[in-house]
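For reference, the structure is listed below as structure tokens.
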Amino acid sequence: MSRFVRHSIKFKLFAVISAIALAFVGILTALNVFFYDDYYTFERRGALADLYRDVNRTYDGTITNISDSLEQLENTTGVRVSIVSATGIIQYDSIFREQRAQMNDDSTAPFRVQLYDFPLSGATLTQENLEQMKRQGYTFTTVVDRDEPTRRMPHTGFLALVGRLDANNALIIARVPLAYVEQNSSFNLTFLAITGLLTLAVCIALAYFVSRQFTRPLIEIEEVATAMAELDFSKQYTGAATDEIGRLGQSINLLSEHLAQAICALKGTNEELAHEIEEKERIDSMRREFIVNVSHELKTPIALIQGYAEGLRVGITTSDDDREFYCDTIVDEAQHMNHLVMQLLDLSKLELGRETPEPTDVDLYGLCRSVAEKTAVLAAERDLHLDYTDTHESMYADYGMLEQVVTNFVSNAIRYTPAGGHITLHAATEPDGAVTFAIENEGEPIAEHDLEMIFEKFYRTDKARSRESGGSGIGLSIVRAIADAHGGACGAENTPGGVRFWFRVPAKRAV
């Protein structure tokens with residue numbers, strides 16, 4: 001037997017019930033073995049005493065009146081009765097009554113016998129017996145037949161009551177064979193052994209059944225609790241009992257449900273926290289990269305401005321053309337720095353909500369034409385063709401913000417379109433009334449992971465940026481912030497042979 005079985009509540013309950021049943025049967029057996037004979041003798045003495053009192057009350061010196069009742073008592077109780085007159089004549093005896101009937105004598109005539117012929121010739125009364133008879137009228141003694149030594153049956157004597165009858169001072173002797181005691185004790189012990197074994201077998205079977213039925217819900221609850229400890233909340237207690245165990249099972253189910261909800265919520269919170277941490281780390285990484293890029297972006301114009309200003313101050317050049325070149329360079333670099341700072345300010349205002357759009361119906365064709373004219377010199381330097389003929393739509397947006405969007409899109413397209421390439425601008429009204437502006441340019445596609453990130457703050461696809469190629473990395477971030485301010489959306493996707501950027505604003509959306 002395994003240690004688990006030995007220590008299981010089912011085995012313990014079965015063992016306890018079986019032990020109680022075994023102890024009960026054992027106690028009954030011990031009581032019968034050690035006390036039944038005494039109890040039986042006590043009861044027989046009580047019966048003999050009752051018989052004495054009945055005979056003493058009804059006996060008036062004549063046997064005829066009580067012979068029938070005495071015969072009935074002998075037949076029902078097995079007691080043998082003898083009544084002897086004060087002169088020694090046997091007036092009534094179970095044995096002599098039968099002999100008298102065979103001799104056809106008068107039943108009332110005295111029947112004299114010698115003392116040694118009397119079947120109680122072995123009876124002796126002690127002084128204590130005589131005193132007891134004097135006090136209560138009767139006493140108890142043990143009588144042995146005079147011919148007992150010749151018999152082979154054990155316990156052939158009698159338990160006898162010897163009493164004095166009030167009528168004519170006769171003597172009554174009522175006796176019970178001692179063999180009855182032994183036989184009754186033997187029969188009783190045998191019957192007790194049989195019934196005890198049967199009872200013990202039934203109790204063991206009931207103990208097994210009760211322990212199994214009682215522990216089944218506990219075992220099921222234990223399985224549910226074990227599953228809960230392993231964070232498996234799929235198991236449920238299925239018992240239908242309404243007692244304490246049933247209520248415990250329902251409480252376990254309720255606890256399992258609440259734990260499952262709490263752990264699910266905790267997992268969700270942990271996932272959100274992990275995502276937020278990851279997002280924060282990503283933004284911090286991009287911010288550090290942006291700071292490095294901005295520092296690099298500002299370092300060059302500051303160095304140029306400082307160098308050319310120092311040259312002018314010390315008179316490093318004397319010709320007017322050289323001085324004009326120095327001044328133009330200082331102005332260009334200052335404008336470049338001012339443009340970068342203004343972009344940062346615009347992005348901050350949009351993100352903080354300090355700058356809200358004031359939408360009007362903007363003619364996209366006119367706006368695209370204006371932006372094309374401003375960037376014509378840049379496009380001409382690379383022999384790029386800019387087509388905006390398919391932009392005859394009206395967009396409900398803030399004109400200044402929308403101009404920034406178009407300018408950023410066109411500037412990026414000019415920067416990344418190969419020399420001699422084409423840039424196409426177009427606009428369309430969607431079925432839901434929203435208006436979408438898009439720009440497509442020829443060139444290398446953008447990596448898929450970059451497509452998902454290029455509108456994020458501080459993100460640049462060209463990590464090895466230079467002053468000649470690549471912007472500051474915040475232009476598209478401004479586009480996204482403007483789209484959010486208008487309740488719209490923006491995005492980018494690769495097309496066969498190029499890239500497409502789009503900007504969408506709901507129709508007539510009051511902001």
Side-chain angles (χ1 to χ4, degrees), residues 343 345-375 379 385-417 422-443 445-446 448 450-457 459 461 471 474-511:
Q343 280 189 317
L345 290 175
D346 290 342
L347 181 60
S348 298
K349 290 178 182 179
L350 289 170
E351 288 182 338
L352 296 175
R354 295 178 181 176
E355 185 174 352
T356 58
E358 297 179 0
T360 59
D361 289 326
V362 179
D363 178 18
L364 288 176
Y365 180 80
L367 177 59
C368 291
R369 181 179 58 189
S370 174
V371 173
E373 290 175 353
K374 291 179 181 179
T375 59
H385 178 69
L386 189 64
D387 182 8
Y388 53 89
T389 57
D390 190 18
T391 57
H392 293 281
E393 294 288 345
S394 178
M395 179 177 286
Y396 189 67
D398 184 285
Y399 183 87
M401 294 182 182
L402 186 57
E403 184 181 24
Q404 281 185 286
V405 171
V406 176
T407 301
N408 279 327
F409 280 171
V410 172
S411 299
N412 281 339
I414 292 175
R415 184 179 300 114
Y416 292 104
T417 302
H422 289 76
I423 300 173
T424 304
L425 285 69
H426 55 84
T429 301
E430 306 293 340
D432 59 355
V435 178
T436 300
F437 168 78
I439 179 171
E440 295 185 24
N441 65 274
E442 297 175 348
I446 300 175
E448 290 297 328
D450 286 334
L451 281 175
E452 299 176 359
M453 304 295 297
I454 55 177
F455 286 92
E456 295 290 337
K457 292 180 294 184
Y459 189 84
T461 59
I474 60 175
L476 293 180
S477 299
I478 294 176
V479 172
R480 182 175 183 175
I482 293 174
D484 292 340
H486 283 79
C490 60
E493 57 192 12
N494 290 318
T495 60
V499 181
R500 177 177 180 268
F501 287 83
W502 55 270
F503 179 88
R504 182 180 295 116
V505 172
K508 298 295 183 181
R509 182 178 183 275
V511 182

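All residue numbers refer to positions in the sequence shown, counting from 1.
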Rounded to the nearest 0.5 Å, how far apart are [atom1] of [X] and [atom2] of [Y]?
X	Y	atom1	atom2	answer
Glu493	Trp502	CD	CH2	8.0 Å
Gln404	Ser411	CD	OG	11.0 Å
Asp390	Leu364	CG	CG	11.0 Å
Leu367	Thr407	CG	OG1	7.0 Å
Ile423	Phe409	CD1	CZ	13.0 Å
Met395	Asp361	CE	CG	11.0 Å

Would you name the heavy atoms of [X] and [Y] that are closest together and state the gap between them?
X	Y	value
Tyr388	Cys368	CB-CB, 3.8 Å
Phe455	Arg480	O-CD, 3.4 Å
Arg500	Thr495	CB-CG2, 3.7 Å
Glu393	Ala428	CG-N, 3.9 Å
Pro506	Gly488	CD-CA, 3.9 Å

Fill in: From Val499, Ile454, Leu476, Ile439, residue fulfilling side chain to side chain contact (heavy atoms under 4.5 Å, CB included) relative to Asn412
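Result: among Val499, Ile454, Leu476, Ile439, Leu476 is the only option passing the side chain to side chain contact (heavy atoms under 4.5 Å, CB included) with Asn412.
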
Worksheet item: Counting distance only, does the side-chain N/O of Asn408 pair as donor-acceptor with the main-chain N or O of Gly475 below 3.5 Å?
Response: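 It does hold such a pair.
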
Fill in: Heavy-atom donor-acceptor pair, Asn494 side chain to Ile446 backbone, under 3.5 Å
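Yes, Asn494 side chain to Ile446 backbone: donor-acceptor pair under 3.5 Å.
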
Worksheet item: Which word best sums up how the rings of His486 and Phe503 line up, parallel for under 30°, tilted for 30 to 60°, or perpendicular for over 60°?
Response: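 His486 vs Phe503 ring planes: perpendicular.
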
Worksheet item: Using 30° and 60° as the class limits, which term best fits the ring planes of His385 and His422: parallel, tilted or perpendicular?
Response: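 His385 and His422: perpendicular rings.
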
Worksheet item: Any side-chain heavy-atom pair from Val435 and Tyr396 closer than 4.5 angstrom?
Response: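 They are not in side-chain contact.
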
Fill in: Pairwise side-chain contact, Ile414 with Leu386, heavy-atom cut-off 4.5 Å (strictly under)
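No. Closest side-chain heavy atoms not under 4.5 Å.
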
Worksheet item: Should we say atom CD of Glu358 is surrounded by more than 12 heavy atoms from elsewhere, each under 6.0 Å from it?
Response: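 Count not over threshold, so no.
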
